[in-house]
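Below, chain A is the first sequence line, B the second, and so on; all start at residue 1.
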Amino acid sequence: MNATLSVLLMSMLNKLPRAFYARDTVTVAKELLGKYLVHGEKIARIVEVEAYLGAHDLACHSAKGVTPRTAVMYGEPGYAYVYLIYGMYYCTNVVTESAGIGSAVLLRALEPIAHVTARTQGPGLLSRAMNIDKQLNAHDLLSDNFYIAAPSVEETFTLIARPRIGVHYAQEWAQAPLRFYIQGNAFISKP
DNA sequence: TGCACGATGAAC
DNA sequence: TTCATCGTGCAC
């Protein structure tokens, strides 16, 4: 993709306002599907997410209360929560609702749109492909170089809800259908 | 100060 | 099923 085309594509994106994130986490999670994640010149479509509801959700990091790590989740909506998992991958989340709740949406899979060549199926791979690491933790998603936007024309799709991945330790919360993805999309992390 | 354990991904 | 690899949270 050449530079002119990139500029044209970027001009067709409408950056999501703070109010988009300052709502019920499940609503935000579902509505993030089909939106475009932009970091520098890299652009990719969000096709799979998971909702983490806050302190009462045992699968959520914020269930441990306010710690140096979870402080971002307990802050204002529309900021990125990026953390290292298994010592080698970063996971990218967006903070939702209002300060004090501790809720966020984990990005689990993306469909490459522009300047993204590495694999994007799974939270660790997509973070690597989009050049997202701990430097971007607590970064404002209403900034100029790192944000989420709505395309001028959104494709329609069927939304699927399933239990979240890798949260077996969370007792009854492990079964809650809080993973959402676009049915039939080729970039979903797990069938 | 030490240690068990991941919101993963890849190899076997 | 096992392993790479390290920050976090909590026990001591």
Side-chain angles (χ1 to χ4, degrees), chain A residues 21 23-33 35 37 39 42 44-75 77-97 100-112 116-139 141 146 148 159-182 185-191:
Chain A
Y21 303 100
R23 297 179 296 161
D24 165 74
T25 304
V26 169
T27 301
V28 175
K30 291 177 178 176
E31 291 192 19
L32 277 174
L33 293 177
K35 298 298 189 294
L37 175 65
H39 182 209
K42 296 178 182 294
R45 181 171 174 250
I46 299 170
V47 298
E48 178 183 348
V49 299
E50 281 178 1
Y52 287 86
L53 306 188
H56 61 292
D57 177 358
L58 297 182
C60 189
H61 290 170
S62 63
K64 299 199 174 289
V66 182
T67 67
R69 180 204 214 184
T70 64
V72 185
M73 292 182 89
Y74 278 103
Y79 284 79
Y81 167 46
V82 181
Y83 66 91
L84 179 68
I85 187 68
Y86 297 109
M88 60 189 81
Y89 295 102
Y90 288 101
C91 287
T92 305
N93 304 250
V94 301
V95 178
T96 60
E97 304 198 33
I101 303 294
S103 54
V105 174
L106 168 70
L107 305 185
R108 279 201 60 93
L110 308 174
E111 176 181 335
V116 178
T117 50
R119 284 166 301 166
T120 52
Q121 324 189 358
L125 291 180
L126 79 83
S127 296
R128 180 196 288 170
M130 292 297 285
N131 278 343
I132 297 169
D133 62 19
K134 62 182 175 188
Q135 300 253 103
L136 288 175
N137 186 38
H139 194 96
L141 288 171
F146 186 40
I148 298 173
L159 181 148
I160 303 291
R162 291 284 183 273
R164 293 171 293 186
I165 304 293
V167 296
H168 54 281
Y169 58 87
Q171 301 171 43
E172 71 272 19
W173 284 95
Q175 304 305 322
L178 294 173
R179 173 188 179 218
F180 306 104
Y181 60 88
I182 293 176
N185 188 275
F187 296 90
I188 298 309
S189 65
K190 288 179 167 66

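Rounded to a whole Å, the CG atom of N137(A) is 15 Å from the P atom of dA7(B). With rounding to whole Å, I165(A) atom CD1 is found 10 Å from dG9(B) atom P. What separates OH of Y90(A) from C1' of dT5(C) is a distance of 11 Å, to the nearest Å. Between the CZ atom of R128(A) and the P atom of dA4(C) there is a distance of 17 Å, given to the nearest Å. For K190(A) and dT8(B), the NZ to P distance is 6 Å, given to the nearest whole Å. Going from atom CE of M73(A) over to atom P of dG9(C) covers 12 Å, rounded to whole Å. Atom pair L106(A):CG and dG6(B):P shows a separation of 16 Å (rounding to whole Å applied). Between the CG atom of L84(A) and the C1' atom of dC6(C) there is a distance of 6 Å, given to the nearest Å.
If P123(A) and H168(A) are placed on DNA chain B by their nearest nucleotide, the residue sitting closer to the 5' end is H168(A). With the nearest nucleotide of DNA chain C identified for both Y89(A) and K134(A), Y89(A) has the one nearer the 5' end.
Counting any heavy atom pair closer than 4.0 Å across all strands shown, R69(A) reaches sugar-phosphate atoms only and no base atom. Heavy atoms of G124(A) sit under 4.0 angstrom from primed sugar atoms or phosphate atoms, though from no base atom.
Atoms CG and CD1, on L126(A) and I46(A) in that order, are 9.0 Å from each other to the nearest 0.5 Å. Between the CZ atom in R162(A) and the CG atom in L178(A) there is a gap of 13.0 Å [rounded to 0.5 Å]. The structure places CZ of F180(A) at 9.0 Å from CZ of R164(A), a figure rounded to the nearest 0.5 Å. Separating the OH atom in Y21(A) from the CG atom in L32(A) is a distance of 6.5 Å, to the nearest 0.5 Å. Between the CH2 atom in W173(A) and the CG atom in D57(A) there is a gap of 5.0 Å [rounded to 0.5 Å]. Taking CG from N185(A) and CD from E111(A), the interatomic distance works out to 5.0 Å, rounded to the nearest 0.5 Å.
Look at Y169(A) and the base of dG6(B); the rings do not stack under the cut-offs of 5.5 Å between centres and 30° between planes.
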Note to self: For DNA chain C, please output the secondary structure as dot-bracket, reading 5' to 3'. Pairs are Watson-Crick or G-U wobble, both atom distances under 3.5 Å; mark crossing pairs with [ ], other-strand partners with |, unpaired with a dot.
What the structure shows: ||||.||||||.
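Checked against dG9(B), dT8(B), dT8(C), the side chain of L125(A) finds its nearest nucleotide in dG9(B). In this structure, of dG9(C), dG9(B), dG6(B), it is dG9(C) that holds the atom nearest to the side chain of T67(A). Ranking dG9(B), dA7(B), dT5(C) by closeness to the M88(A) side chain, first place goes to dT5(C).
Counting non-hydrogen atoms of neighbouring residues, nucleotides and ligands closer than 6.0 angstrom, the CD atom of E172(A) exceeds 12 such neighbours.
No donor-acceptor pair under 3.5 Å is formed between the side chain of Q171(A) and the backbone N or O of L58(A).
Taking 4.0 angstrom as the limit, R119(A) places a side-chain polar atom (N or O) nearer than this to OP1 or OP2 of dA10(B). Applying the 4.0 Å criterion to OP1 and OP2 of dT8(C), one finds that H61(A) has every side-chain N and O outside that range.
Not a single donor-acceptor contact under 3.5 angstrom links the side-chain atoms of Y86(A) to the base of dA4(C).
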